[in-house]
Protein chains: 2
Amino acid sequence: MNNSVSIKDIAKKFKCAPSTISRALNDHPAINIETRKTIQEYALKVGYQKNTLSLSLLNNCSMTLGLILPSITHFHESSMLEGLEDILLKSGYLLNICVSNESHTIEKEYIDRLLANRVDGLFISMAQESYDQQLGEHIDRVIQRSLPVIFIDRPNHGVASDRVVTDDYQGAYMATKHLIDMGCLRIAHLHGPSGISVSKQRFLGYQDCLLAHGRKVEEKWIQYVHFSAESAIAATRNLMQLDQKPDGIFGVNDEVCLAAMHVLRDLGISIPQDVAIVGFDDIPLASFGYPPLSSVSRQSRRIGEEAAKLFLSKKTHNKSPITISLDPKLMIRDSSLRVMMN
Amino acid sequence: MNNSVSIKDIAKKFKCAPSTISRALNDHPAINIETRKTIQEYALKVGYQKNTLSLSLLNNCSMTLGLILPSITHFHESSMLEGLEDILLKSGYLLNICVSNESHTIEKEYIDRLLANRVDGLFISMAQESYDQQLGEHIDRVIQRSLPVIFIDRPNHGVASDRVVTDDYQGAYMATKHLIDMGCLRIAHLHGPSGISVSKQRFLGYQDCLLAHGRKVEEKWIQYVHFSAESAIAATRNLMQLDQKPDGIFGVNDEVCLAAMHVLRDLGISIPQDVAIVGFDDIPLASFGYPPLSSVSRQSRRIGEEAAKLFLSKKTHNKSPITISLDPKLMIRDSSLRVMMN
DNA sequence: AAATTTTACGCAAACGTTTGCATTTGAGGT
DNA sequence: ACCTCAAATGCAAACGTTTGCGTAAAATTT
């Protein structure tokens, strides 16, 4: 079944000790230079490949990391993964990817497997279930092993550890402020799944911005949606059936906004004149919506990069927990850019 | 640094042999039922976690697989990954994710690391560089170790191994046929990056369908693009500056089509009356384009599921290489649904 | 009471690699 | 011929776990 050749096999071939082979392959100066050459050439010929598992066992270091995400199909998540990979590739690590599907049970199962495989660290964006039910002891188990745990996007209630996030609050504030600047008087919000930090922070930014500018936060203008486009259909229709229709929408992400624009077009409502709209994430297709969708960029790829760098710095220094918060950027496009006439 | 407790540690605590602990934890009947209980409780209390690495070493089986992709940010790829994960989760495997970024060098590096970590199998969608330069010996090295290698999407020139793909040719044929049925006389194609199988197959399906229906395949109606939306901007403009403008477009994927529609709207060209358009992949946002974009669905998630199942069946049976080809489905939406008046 | 079986556990090897500490060999100096 | 020293290599333990085999003690059967 397994054809791999080991150091012992090579040792038999040369009738010498495994240690000699090991040293030869690692260019140890104590081994005769010609012996080294001969052994190295033979190893190459027979396709010898070091078995890292034995080393991991010996050194208590597997050069493998774990990444647990609720899902991976959104641009933000996959883009973040690419950022992580980019840095880890250069540092010799491998990454185990685990999709929890927002389930606490699955998350726990994956953590068990990762621990059993002795990963050297863990990046995690907690499942909604774990968050809702305030379940953190599975993460604590990891930290008790003094393994670096780096939280991504979502916070770690109770657990003291590192974090890399975008400042969702600030991003939402900027988006809402922009809508106010564009003359919107009744700004609605497509609120993300409750219990998830991202939803909450974006709502708070929206709320505080309205209050700071003397607006009221009306419950009827807040509709709850999931992160998928479909869920925004009904929500948007609801908004547009109100007596007091909104003239601005801030959505929890771009998918729901693109779906909302779809509904608005259906209803013959012009964007941005009748309703201005701003999303979040700045996915590549935002620019190609009709009209092009204004959006808050989270620098997804950089989140991954910063998380990886944070891990690498922890490996050596082991400082106290820190939070890296990246600034969001507002990308203004036609969906909110009103022709002001005053 | 590492706080993990081993079987040996527990054995010392109980002043017995490690083998006793091992058997107790694995519910071996030869161990006294009460001893078992005591040991299991203690193990739970001190947070014992089996070290899988030692077992991997012993059994030549790591319960870990590798997945190498050119990128991960497209819906098709991340969706496929979720399908893979779903099946592998149930089978106890972990998945190492590797993004090659279409680079042969990176792909080779990742394969080395995966082999060193003794993965039990490999899923791979080959990098364009490897494909362009006909480089396959790094894959051969894997197969020579008699490791299952399953190719995804892109073929394995020269290498005899399993494959899971969508029938791109058939999908493209269906899309083109649909445009013909909708009365399009001059059907253009936004051709994907050359050298990549997906691009080629979709072009061939387009070409053969045209020929089969007595149409000419005109070079001027074929524009080359990347898989990103941006790259379709210039391409679409070029098409619309021709004397003989196309009245139908089949695009290599949805991103380029959504971008193309953006350009068409800018030019005041009505969709689908002036130009009908059909994409590929059926990404979730296709439904929310303006107008909603017709598209060929590849069943991305199922590709991952089938690949995982194929691996699992190979583990036991070890049959000769097979190719699983999934049927594409044409999702007809407004972007191509013309009101026929004849 | 002797013989037999059962119960419950220990021993040691194995997986592949590294590494500190011998040990061997040969050369050079006296 | 003897001592010294360096060069080149071997030995054995270690990482954590499993497992076939051995063995002691206890329980059961004659």
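Just so we're on the same page: letters track the sequence lines, and every chain starts at 1.
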Quiz item: B:R154 and salt bridge (charged side-chain N to carboxylate O under 4.0 Å, His left out): which partner among B:E77, B:E102, B:E107?
Solution: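 The single option meeting the salt bridge (charged side-chain N to carboxylate O under 4.0 Å, His left out) with B:R154 is B:E102.
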Quiz item: For A:L53, does its backbone N or O pair with a side-chain atom of A:N51 as donor and acceptor, under 3.5 Å?
Solution: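 Checking the backbone N and O of A:L53 against the side chain of A:N51, a donor-acceptor pair under 3.5 Å is found.
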Practice problem: For the pair B:T35 (side chain) and B:I31 (backbone), establish whether a donor and an acceptor sit closer than 3.5 Å, ignoring hydrogens and angles. | Solution: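 No, B:T35 side chain to B:I31 backbone: no donor-acceptor pair under 3.5 Å.
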Return the value, rounded to whole Å, for the distance between atom [atom1] of [X] and atom [atom2] of [N].
X: A:L53; N: C:dG16; atom1: CG; atom2: P; result: 10 Å
X: B:L115; N: C:dG16; atom1: CG; atom2: C1'; result: 16 Å
X: B:L25; N: D:dT17; atom1: CG; atom2: P; result: 9 Å
X: B:R36; N: C:dT7; atom1: CZ; atom2: P; result: 12 Å

Practice problem: Select one nucleotide: of D:dC15, C:dT19, D:dT18, the one nearest the side-chain heavy atoms of A:L58. | Solution: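 It is D:dC15.
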Quiz prompt | Proximal nucleotide (of D:dT9, D:dG16, C:dG16) relative to the A:S54 side chain | solution =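 Among the listed nucleotides, the one closest to the side chain of A:S54 is C:dG16.
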Quiz item: Are B:F14 and B:Y42 close enough that their ring centers fall under 6.0 Å?
Solution: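 Between B:F14 and B:Y42, the centre distance is under 6.0 Å.
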Scan [X] against the nucleic acid and name what it touches under 4.0 Å (heavy atoms): base, sugar-phosphate only, or nothing.
X: A:T52; result: nothing
X: A:S56; result: nothing
X: B:F14; result: nothing
X: A:N26; result: sugar-phosphate

Quiz item: Nearest 0.5 Å, what's the OG-CD distance between B:S325 and B:E306?
Solution: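 So the gap between those two atoms works out to 11.0 Å.
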Quiz item: Atom CD1 in B:I21, atom CD in B:Q40: separation rounded to 0.5 Å?
Solution: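 Between B:I21 CD1 and B:Q40 CD, I get 10.5 Å after rounding to 0.5 Å.
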Exercise. Return yes if the base of D:dC15 and the side-chain atoms of B:S6 contain a donor-acceptor N/O pair under 3.5 Å, otherwise no.
Key: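 Answer is no: no donor-acceptor pair is held.
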Practice problem: Run the numbers on B:K37 and B:E41 for salt bridge (charged side-chain N to carboxylate O under 4.0 Å, His left out), then give the verdict. | Solution: CA-CA 6 Å; B:K37 253 195 176 175; B:E41 279 166 10; 5.6 Å; no
Restricting to nitrogen or oxygen on both sides, can you table the protein-nucleotides 21-26 of chain C pairs closer than 3.5 Å?
none

Quiz item: Would you call B:E305 and B:K309 a salt bridge, using N to O less than 4.0 angstrom?
Solution: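 Salt bridge between B:E305 and B:K309, a charged N being under 4.0 Å from a carboxylate O: no.
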Quiz item: Do A:H138 and A:D112 have side-chain atoms, one donor and one acceptor, less than 3.5 Å apart?
Solution: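 The answer is no; no qualifying pair exists.
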Give every pair of a protein N or O atom and an N or O atom of nucleotides 4-7 of chain D that lie under 3.5 Å apart, one pair per line with the distance.
none

Self-check item: Along DNA chain C (nearest heavy atom to each residue), the more 5'-positioned of A:L55 and B:S19
Solution: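 It is B:S19 whose nearest nucleotide is closer to the 5' end.
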